[in-house]
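In what follows, chains carry the letters A, B, and so on, assigned in the order in which the sequence lines appear, proteins first and then strands, with residues in each chain numbered from 1. Since the model is a prediction, treat every value here as computed from it, not as a measurement. Every heavy atom of this structure was used, including side-chain atoms; hydrogens, water molecules and symmetry mates were not.
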Amino acid sequence: MLAPLPKRSDNFSAWYNELVVRSGLAENASVRGCMIIKPYGYAIWEKIQAVFDAAFKKTGHVNAYFPLFIPKSYFSKEASHVEGFAKECAVVTHYRLKTAEDGVSIVVDPTAKLTEELIVRPTSEAIIWSTYKDWIQSYRDLPMLVNQWSNVVRWEMRTRLFLRSTEFLWQEGHTAHATQSEAELEALQMLHLYEDVARDYLALPLIKGLKSQNERFAGAETTYTIEALMQDGKALQAGTSHYLGQRFAKAFDVMFTNRSGLREHVWGTSWGITTRLIGALVMMHADDDGLILPPKIAPIQVVMIPIYKTAIERMAIVEQLTSCQTELVAKGISVKIDDRDTYKPGYKFADYEQKGVPIRVALGPNDLQHQTIELVRRDTKAKKTIPIQNLSEQVEDWLEAIQANIYQRALTLQQQQTLVVDDYATFKELIANQGGFLLAHWDGTTATELKIKEETKATIRCIPLDGVEEEGKCIYTGNPSNRRVIFAQAY
RNA sequence: CGGGGCGUAGCGUAGCUCGGUUAUCGCGUCUGCUUUGGGAGCAGAAGGUCGCAGGUUCGAAUCCUGCCGCCCCGACCA
């Protein structure tokens with residue numbers, strides 16, 4: 001008998017850590033700060049990749065792959081970019097090992113020192129823009145709409161599975177445009193695309209907004225973000241889109257000849273989502289019994305569990321389930337039959353609940369006799385026994401209902417935890433005791449933002465795009481402000 | 001890098017203060033039987049360089065020295 005998970009209300013972070021491991025998403029690697037994404041977790045990532053990749057293709061983007069290593073000299077061309085990442089870069093200094101004098105251990109060969117050190121990419125702007133210099137000559141080469149799916153390394157101090165690890169997987173889009181407005185529109189288009197896909201497939205309600213200057217990506221003119229609010233009241237940045245202006249074009253000398261024959265620097269964007277989204281799925285939807293996956297990205301949408309006493313019963317029941325499976329698969333539904341004889345049904349029920357499979361189907365001797373079948377919804381735990389012939393109709397109906405319900409549930413929670421605050425005492429109290437998105441006036445200065453962060457650990461998550469103009473006074477300084485921003489403690 | 005803690009079987013641990021037969025217990029694993037509609041029961045078995053190196057001692061998981069690794073708190077961050 002396995003011990004139950006820690007409860008969210010007792011210890012949210014212990015609940016998260018244990019759930020991620022026990023549901024088979026990932027585990028800590030023996031390499032400090034790195035994670036092993038296990039098959040079930042990776043299957044979710046593949047689904048996420050598939051839906052985003054399709055959306056990128058639809059908007060005209062194409063995939064490519066750039067090197068993991070970036071020569072130090074490339075990296076240092078854009079000053080603020082360097083400053084932003086310098087503290088967390090892994091550096092390759094040598095290219096050979098040799099056997100040590102003891103004849104057993106392996107040491108770095110000091111004679112094999114690289115003449116130019118290589119940075120393991122924390123992001124690829126440097127290598128990509130140095131390439132764009134060669135690819136872009138004329139307005140006919142624009143826009144350049146390239147994406148890559150890759151891994152990056154950022155030497156973090158404190159790590160957590162999916163939320164912050166030394167190495168993580170992501171997608172980074174890098175585009176170049178002939179005009180400023182086209183680049184600005186591209187950054188916004190991708191932000192909207194992120195929100196649409198996250199909402200429609202991952203069932204994540206998100207707030208779109210602008211990052212403050214302080215929270216902006218190093219090297220960007222403007223950083224947009226999609227911010228999610230987790231069940232414990234802390235915010236999670238779920239994706240970003242940057243308008244880069246001509247900063248990288250100037251740093252890497254990327255120019256094109258326009259229709260009038262004049263040479264100009266191009267305008268750029270970059271945008272990304274990461275394996276952190278899997279962490280968001282967990283912290284947004286899961287409950288004390290385990291994961292709850294949105295049907296549209298669940299690797300297994302329906303799990304079927306046979307219940308039997310004898311080998312003869314087992315054969316008949318599995319046969320019936322296999323025919324049900326065939327019927328569902330024909331409708332594009334992913335179905336797993338777990339007919340392992342080494343685990344009992346009760347164990348399997350608990351296990352697939354923990355894994356967040358949207359619908360569980362059970363078939364036993366009684367069902368078989370009456371030609372009925374039992375279904376259980378993961379999100380509501382609702383149980384229903386229906387005639388077998390109605391199975392696919394019921395499953396399709398429920399998959400849709402579950403997708404809608406968990407989005408609605410997450411949205412309601414976000415709305416309940418989004419509060420308008422006008423005085424600093426209340427602000428501090430709310431942040432300390434319940435978290436949430438706090439809509440407050442801010443005087444627009446980095447100094448104020450930093451003071452608030454220091455005193456409350458809350459940061460400006462974003463300046464919401466759909467916010468309204470509204471005269472008010474900064475919650476900290478009392479200075480005039482014309483719109484509310486979102487404060488929260490963040491992951 | 002500053003402050004605190006911990007290294008004993010795949011995982012979690014007792015023992016260490018006060019040295020003494022074969023290193024404790026639980027989970028997991030394996031075998032057999034009974035079970036199977038909500039995380040099975042019983043019986044048996046396998047599994048250990050007690051983080052590493054040195055020292056003290058008749059004798060070290062336990063005491064001493066050095067080293068290594070990891071975890072927690074702080075600065076950084078998708």
Which part of the nucleic acid does A:Ser165 contact within heavy-atom distance under 4.0 Å: base, sugar-phosphate only, or nothing?
base
Where the side chain of A:Ala350 is concerned, which of B:A78, B:G37, B:G38 is the nearest nucleotide?
B:G38
Between B:G37, B:A78, B:G39, which nucleotide has the shortest distance from any of its atoms to the side chain of A:Glu156?
B:A78
How does each nucleotide of nucleotides 69-74 of chain B score, in 5' to 3' order, for protein heavy atoms under 4.0 Å: base (B), sugar-phosphate only (S), or none (-)?
-S-SS-
Whole angstroms only, please: what is the NZ-P distance between A:Lys211 and B:A78?
8 Å
Verify the contact: side-chain N or O of A:Lys344 to OP1 or OP2 of B:G37, cut-off strictly under 4.0 Å; return yes or no.
yes
Which one, B:G37, B:G38, B:U29, comes nearest to the side chain of A:Tyr343?
B:U29
Could you give all pairs that pass the salt bridge (Lys or Arg N to Asp or Glu O under 4.0 Å) test and reach residues 202-212 of chain A, with sequence neighbours left out?
A:Glu195-A:Lys208, A:Lys211-A:Glu227
Selected nucleotide, minimal atom distance to A:Pro345 side chain, candidates B:U36, B:G38, B:A78:
B:U36
Could you check whether any side-chain N or O of A:His285 sits under 3.5 Å from a backbone N or O of A:Leu202, counting only pairs where one atom can act as donor and the other as acceptor?
yes
Considering every strand and a 4.0 Å limit on heavy-atom distances, what is the contact class for A:Tyr491: base, sugar-phosphate, or nothing?
nothing
Which is true for A:Arg160 with a 4.0 Å heavy-atom rule: it touches a base, it touches only sugar-phosphate, or it touches nothing?
nothing
Which part of the nucleic acid does A:Lys383 contact within heavy-atom distance under 4.0 Å: base, sugar-phosphate only, or nothing?
base
Distance, rounded to the nearest Å, where A:Asn17 contributes CG and B:C11 contributes C1':
16 Å
Interface residues of residues 288-319 of chain A with RNA chain B (non-hydrogen, below 4.0 angstrom)
A:Ile307, A:Tyr308, A:Lys309
Rounding to an integer number of angstrom, what distance separates B:G48 and B:A23 when you compare their C1' atoms?
9 Å
Treating A:Arg314 as the side-chain partner and A:Ile307 as the backbone partner, does any N or O pair qualify as donor plus acceptor under 3.5 Å?
no
Step through it carefully: locate the ring centre of A:His81, locate the ring centre of A:Phe248, and say whether they are under 6.0 Å apart.
yes
Using atom C1' of each nucleotide, how far apart are B:G10 and B:G47 to the nearest Å?
9 Å
Please give me the minimum heavy-atom distance between A:Val20 and A:Ser23, naming the atom from each residue.
O-OG, 3.5 Å
Nearest whole Å is fine: how far is B:A78 C1' from A:Arg461 CZ?
10 Å
So, A:His61 versus A:Trp271, ring centres under 6.0 angstrom or not?
yes
Could you note down all residue pairs passing salt bridge (Lys or Arg N to Asp or Glu O under 4.0 Å) where residues 282-307 of chain A supplies at least one of them, sequence neighbours left out?
A:Arg8-A:Asp288, A:Asp287-A:Arg378, A:Asp289-A:Lys381
Whole angstrom is fine here: how far is it from CG in A:Asp351 over to P in B:G28?
14 Å
Just checking A:Leu163: base, sugar-phosphate only, or nothing, at a heavy-atom cut-off of under 4.0 Å?
base
Interatomic distance where CE belongs to A:Met230 and P belongs to B:A78 [whole Å]:
15 Å
Atom CD of A:Glu374 and atom P of B:G37 are separated, to the nearest Å, by 12 Å
Taking only residues two or more places apart in sequence or in another chain, which ones pass side chain to side chain contact (heavy atoms under 4.5 Å, CB included) with A:Lys309?
A:Glu313
Of all heavy-atom pairs between A:Ala126 and A:Ile70, which one has the smallest distance, and what is that distance?
CB-CG2, 4.1 Å
When the aromatic ring centroids of A:Tyr132 and A:Phe252 are compared, is their separation below 6.0 Å?
no
Using the C1' atom as the reference point in each nucleotide, state the distance between B:C58 and B:G41 in Å, no decimals.
49 Å
A:Glu18 has an atom CD; how far is it from atom P of B:G39, in whole Å?
20 Å
With C1' as the reference atom in both, quote the distance from B:U65 to B:G20 in angstrom, rounded to an integer.
24 Å
Expressed as a whole number of Å, how far does the C1' atom of B:C72 sit from that of B:G26?
25 Å
Between B:C30 and B:G66, how far apart are the two C1' atoms, rounded to whole Å?
42 Å
Parallel, tilted or perpendicular, as decided by the 30° and 60° cut-offs, for the rings of A:Phe52 and A:Phe56:
tilted
A:Gln171: which of A:Asp53, A:Thr274, A:Asn147 passes side-chain hydrogen bond (donor to acceptor under 3.5 Å, both in side chains)
A:Asn147
Consider the side chain of A:Tyr347, meaning its heavy atoms from C-beta on, and name the nucleotide among B:G37, B:A78, B:G39 that approaches it most closely.
B:G39
Using modelled atom types and a 3.5 Å cut-off, is there a donor and acceptor pairing between side-chain atoms of A:Lys348 and backbone atoms of A:Arg340?
yes
Both atom distances under 3.5 Å, Watson-Crick or G-U wobble: I'd like the secondary structure of RNA chain B as a dot-bracket string, with | for pairs made across strands.
(((((((..(((.......[....))).((((((.....)))))).....(((((..]....))))))))))))....
Could you measure the distance from the CE atom of A:Met304 to the CG atom of A:Leu375? Nearest 0.5 Å is fine.
8.0 Å
Nearest-Å distance for atom pair CG/P, residues A:Asn28 and B:G12:
12 Å
Roughly how far apart, to the nearest Å, are B:U31 and B:A46 at atom C1'?
10 Å
Rounded distance in Å between the P positions of B:U8 and B:C70
14 Å
